[in-house]
Amino acid sequence: MAALQPIRGTHDILADDHRLYRLVTETAYEIAARYGYQEHSTPIFEFTEVFARTLGDTSDIVTKEMYTFADRNGESLTLRPEYTAGICRMFMSNGMTQQLPLKVFCRGPMFRYERPQKGRQRQFHQIDAEILGVADPLADIEVIALGAHILGALGLADRIRLELNTLGDAESRQAYRALLVDYFNGFREDLSEESRVRLEKNPLRILDSKDKGDRVLVQNAPLMADSLNALSQDFFAQVRQGLESLNIEYVVEPHLVRGMDYYCHTAFEFTTDTLGAQGAVLAGGRYDGLVETMGGPPTPGIGWAAGVERLSMMVGEAPPAPRPLVVIPVGSAQRTQALVITQRLRKSGLHVDLGYSGNVKKRLNRANKANARAAILLGEDELAKGVVTLRDMETGEQSEAPLASLEEHLARYR
RNA sequence: GUGGCUGUAGCUCAGUCGGUUAGAGCAUCGGCUUGUGGUGCCGAGGGUCGGGGGUUCAAAUCCCCUCAGCCACCCCA
């Protein structure tokens, strides 16, 4: 029995869900294309280093969530837990450093070793948009606007809110980090166990701790905003101004900290309270130092990823399956004729099914279950006259249509 | 990794102070209808009661272990 079960946290995606996922990803892709994004794909696995070096030694993804294994040569590989690092690798591998700015749209599966729960799986799917090579806050604004545009097109605007924060540039962040460490060191004993570890490794993460005791301390902690240098302040102001000029509503969340270490300046999350404990549906930020840490030329970057399953859950209803026409041979003598006509109609662009067996009754029954719009009955009598019987499956009305011009008679089912 | 809840037919669920061959609805298949679906009537098939062990004359029901699912913590899409 165990062997017949999919691996924990993975799911077969059946037809209804596929139509829903396709609606989500196609909507996203079509809108992104209007903004000048082109679709690229990276492999679903990379050398472990690609993720381990970029995401940060202390990030949860690296320390406990990666699917890592050795291949037959002993090389350590990892199923991608996120898109950005792989995209930056692609950017360098393919010598795209001369093609800036580069706007990338991606979609595909991600893998994280976590306990599944509502809105969280071990294999899930993301859509992703990135801009490489633009240091101007215009890129931040555009990337957020794209996210808002897509969420709006999916009809989710009234159930999400945009949370925005800045992490500042390296200098500001370092200064802030020092202040934070000083502050929390004063309350070392009061911090939760996890946060004491964070204090050593990544003090910013204490800010979004959910521990009650931590939260009290966080309330009085120094604010990032007070540590921002002039450049960082100006950058954030421009992003905010841009969003306002586009009428994109947002809330500044001073404690918003993203999971990966590579972020700087803009950090944002579109969140919802409709997915249980999972808030984020589309989130990202700026990562100006990432390409360089991977060994490439200094290249600014900003982007986001969104969870296809989470978006789909919010959209809710799967689009209906397409409704076919069904060709029905009345007797076995019309089998071949039925096959030929079916194929002819398919080539003319119609959605046509031909059953594999059964009498007329059984075939009509199946046509009905397939939600067919009409049935095309081929009997001895009809074929002798060079016609077919066209049965409307809604009304039950039947009429005859000449075989030679069948396509014209079926035009309304197109 | 930790905690709470839940596992009975393909699906949704009844059935537990232990007691004859474990039920229903929906779905499936067949018939009423030998060239006509949807509604109706009649009938049929389908269950190691998640798995293993224990208690008992007797276990879906009680006990132990285990597996899986869901939800939550952690963290995130």
Side-chain angles (χ1 to χ4, degrees), chain A residues 1-11 24 28 55 58-65 80-84 107-128 147 192-195 197-198 202 205 208-212 214 256-260 269-272 275-284 303-314 326 328-334 355 358-383 389-398:
Chain A
M1 231 8 220
L4 290 182
Q5 229 145 15
I7 292 168
R8 165 175 283 179
T10 69
H11 295 281
V24 169
L55 299 179
T58 62
S59 69
D60 276 46
I61 290 184
V62 171
T63 54
K64 54 183 199 191
E65 293 175 5
R80 64 185 181 197
E82 61 113 34
Y83 252 128
T84 309
R107 51 183 145 183
M110 294 294 153
F111 305 85
R112 291 185 197 171
Y113 189 88
E114 300 184 278
R115 283 288 279 272
Q117 66 186 74
K118 188 179 177 72
R120 169 193 282 176
Q121 304 166 224
R122 288 187 174 180
Q123 177 179 341
F124 60 103
H125 297 77
Q126 286 188 337
I127 48 179
D128 184 282
S192 67
E193 203 176 319
E194 296 86 15
S195 285
V197 176
R198 293 185 184 116
N202 192 344
R205 302 289 293 285
D208 65 0
S209 170
K210 283 181 188 166
D211 181 271
K212 278 179 200 156
D214 288 351
L256 173 64
V257 178
R258 306 274 309 135
M260 279 67 89
E269 285 185 4
F270 287 89
T271 63
T272 180
L275 292 178
Q278 266 56 247
V281 291
L282 187 156
W304 52 252
V308 173
E309 286 83 355
R310 288 185 185 178
L311 291 173
S312 296
M313 269 191 276
M314 290 188 74
V326 175
I328 298 178
V330 169
S332 56
Q334 291 84 41
N359 54 24
V360 173
K361 179 182 170 66
K362 193 173 285 185
R363 285 168 186 267
L364 270 173
N365 203 307
R366 285 205 200 103
N368 188 47
K369 277 171 191 148
N371 200 20
R373 304 176 68 189
I376 297 155
L377 290 148
L378 303 184
E380 205 177 345
D381 304 345
E382 287 93 334
L383 291 177
T389 294
L390 203 55
R391 180 180 178 84
D392 187 296
M393 294 298 282
E394 300 285 333
T395 63
E397 280 168 28
Q398 296 195 168

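Chain naming here is simple, since letters A, B, ... match the order of the sequence lines and numbering starts at 1 in each.
- As a whole-Å value, the separation of A:H11 NE2 from B:rG69 C1' is 9 Å.
- Summarising the geometry, the separation between CZ on A:R120 and P on B:rG69 is reported as 15 Å, rounded to the nearest angstrom.
- For the residue pair A:K369 and A:N365, a side-chain donor N or O sits within less than 3.5 Å of a side-chain acceptor on the partner.
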Report all interatomic pairs (protein N or O, nucleotide N or O of nucleotides 45-47 of chain B) with separations under 3.5 Å.
none

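- Not counting sequence neighbours, the partners of A:E65 by the side chain to side chain contact (heavy atoms under 4.5 Å, CB included) test are A:D60, A:I61, A:R112, A:E114.
- Taking 4.0 angstrom as the limit, A:Q117 places a side-chain polar atom (N or O) nearer than this to OP1 or OP2 of B:rC73.
- Atom CD in A:Q278 sits about 11 Å away from atom C1' in B:rC74, given to the nearest Å.
- Residue A:Q123 is out of contact with every strand shown, counting any heavy-atom pair closer than 4.0 Å.
- If you check every strand for non-hydrogen atoms under 4.0 Å, A:E269 touches nothing.
- In this structure, the nucleotide among B:rU36, B:rG38, B:rA68 sitting nearest to the side chain of A:Q398 is B:rU36.
- Using a 4.0 Å heavy-atom cutoff across all strands shown, A:E394 reaches at least one base atom of the nucleic acid.
- Across every strand in view, B:rC41 sits in a pair with B:rG31 that passes the Watson-Crick or G-U test at under 3.5 angstrom.
- Remark: A:K369 is in phosphate contact with B:rU28, judged by side-chain N or O atoms under 4.0 Å from OP1 or OP2.
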Q: For the pair A:I328 and A:R391, evaluate side chain to side chain contact (heavy atoms under 4.5 Å, CB included) and give the outcome as yes or no after the intermediate values.
A: CA-CA 10 Å; A:I328 298 178; A:R391 180 180 178 84; over 6 Å; no

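- Taking atom C1' in both B:rU33 and B:rC70, the straight-line distance is 47 Å, to the nearest Å.
- In this structure, B:rC70 forms a base pair with B:rG4, meeting either the Watson-Crick or the G-U wobble geometry with both donor-acceptor distances under 3.5 Å.
- Following rounding to the nearest Å, A:D128 (CG) and B:rC76 (C1') show an atom-to-atom distance of 15 Å.
- Across all strands shown, B:rA24 forms a Watson-Crick or G-U wobble pair, both distances under 3.5 Å, with B:rU12.
- The residue A:E65 sits close only to the backbone: its heavy atoms come under 4.0 Å of sugar-phosphate atoms, none of a base.
- A:K362 is listed as a side-chain neighbour of A:R366, based on a closest heavy-atom distance under 4.5 Å.
- Remark: the A:T389 side chain and the A:Q398 side chain contain no N/O donor-acceptor pair separated by less than 3.5 Å.
- The base of B:rG37 is not paired with the side chain of A:N365 by any donor and acceptor separated by under 3.5 Å.
- When the P atom is used for both B:rG23 and B:rU56, the distance is 29 Å, rounded to whole Å.
- Counting non-hydrogen atoms under 4.0 angstrom, A:V281 reaches the backbone sugars and phosphates but no base.
- The side chain of A:R8 places an N or O atom within less than 4.0 Å of a non-bridging phosphate oxygen (OP1 or OP2) of B:rG69.
- At a threshold of 4.0 angstrom between heavy atoms, the contacts of A:L282 are confined to the sugar-phosphate backbone, with no base atom among them.
- Atom NZ in A:K362 sits roughly 14 Å away from atom P in B:rG35 (whole-Å rounding).
- Within a 6.0 Å sphere centred on CD of A:E380, other residues, nucleotides and ligands contribute 12 heavy atoms or fewer.
- Comparing B:rG1, B:rG37, B:rC74 by their closest approach to the side chain of A:Y113 singles out B:rG1.
- Side-chain contact check for A:V308 versus A:R107: every heavy-atom pair is 4.5 Å or farther apart.
- In terms of polar N and O atoms assigned as donor or acceptor, the side chain of A:K361 comes within less than 3.5 Å of the base of B:rU33 in a complementary pairing.
- Nearest to the side-chain atoms of A:P116 among the listed nucleotides B:rC70, B:rU36, B:rG38 stands B:rC70.
- The nearest pair of heavy atoms linking A:W304 to A:I127 is CZ3-O, 3.8 Å.
- Along RNA chain B, the nucleotide nearest A:E397 and the nucleotide nearest A:A305 are compared for position; the residue whose nucleotide lies closer to the 5' end is A:E397.
- With hydrogens and angles ignored, no donor-acceptor pair closer than 3.5 Å exists between the side chain of A:R115 and the base of B:rC70.
- Remark: B:rC49 base-pairs with no nucleotide; criterion is Watson-Crick or G-U wobble with both hydrogen-bond distances under 3.5 Å.
- Within the structure, every side-chain polar atom (N or O) of A:R373 is placed at least 4.0 Å from both OP1 and OP2 of B:rG37.
- Taking only side-chain atoms of A:A277, from C-beta outward, the nucleotide of B:rC74, B:rA72, B:rC76 with the closest atom is B:rA72.
- Taking only distance into account, the side chain of A:R310 meets the base of B:rC76 through a donor-acceptor pair shorter than 3.5 Å.
- Smallest separation of non-hydrogen atoms from A:E269 and A:A283: CG-CB, 3.5 Å.
- Using a 4.0 Å heavy-atom distance criterion, A:G331 is classed as making no nucleic acid contact.
- When heavy atoms are screened at a 4.0 angstrom cut-off, A:D381 is found touching base atoms of the nucleic acid.
- Remark: B:rC57 base-pairs with B:rG19; criterion is Watson-Crick or G-U wobble with both hydrogen-bond distances under 3.5 Å.
- A donor N or O paired with an acceptor N or O is found under 3.5 Å between the base of B:rG37 and the side-chain atoms of A:R391.
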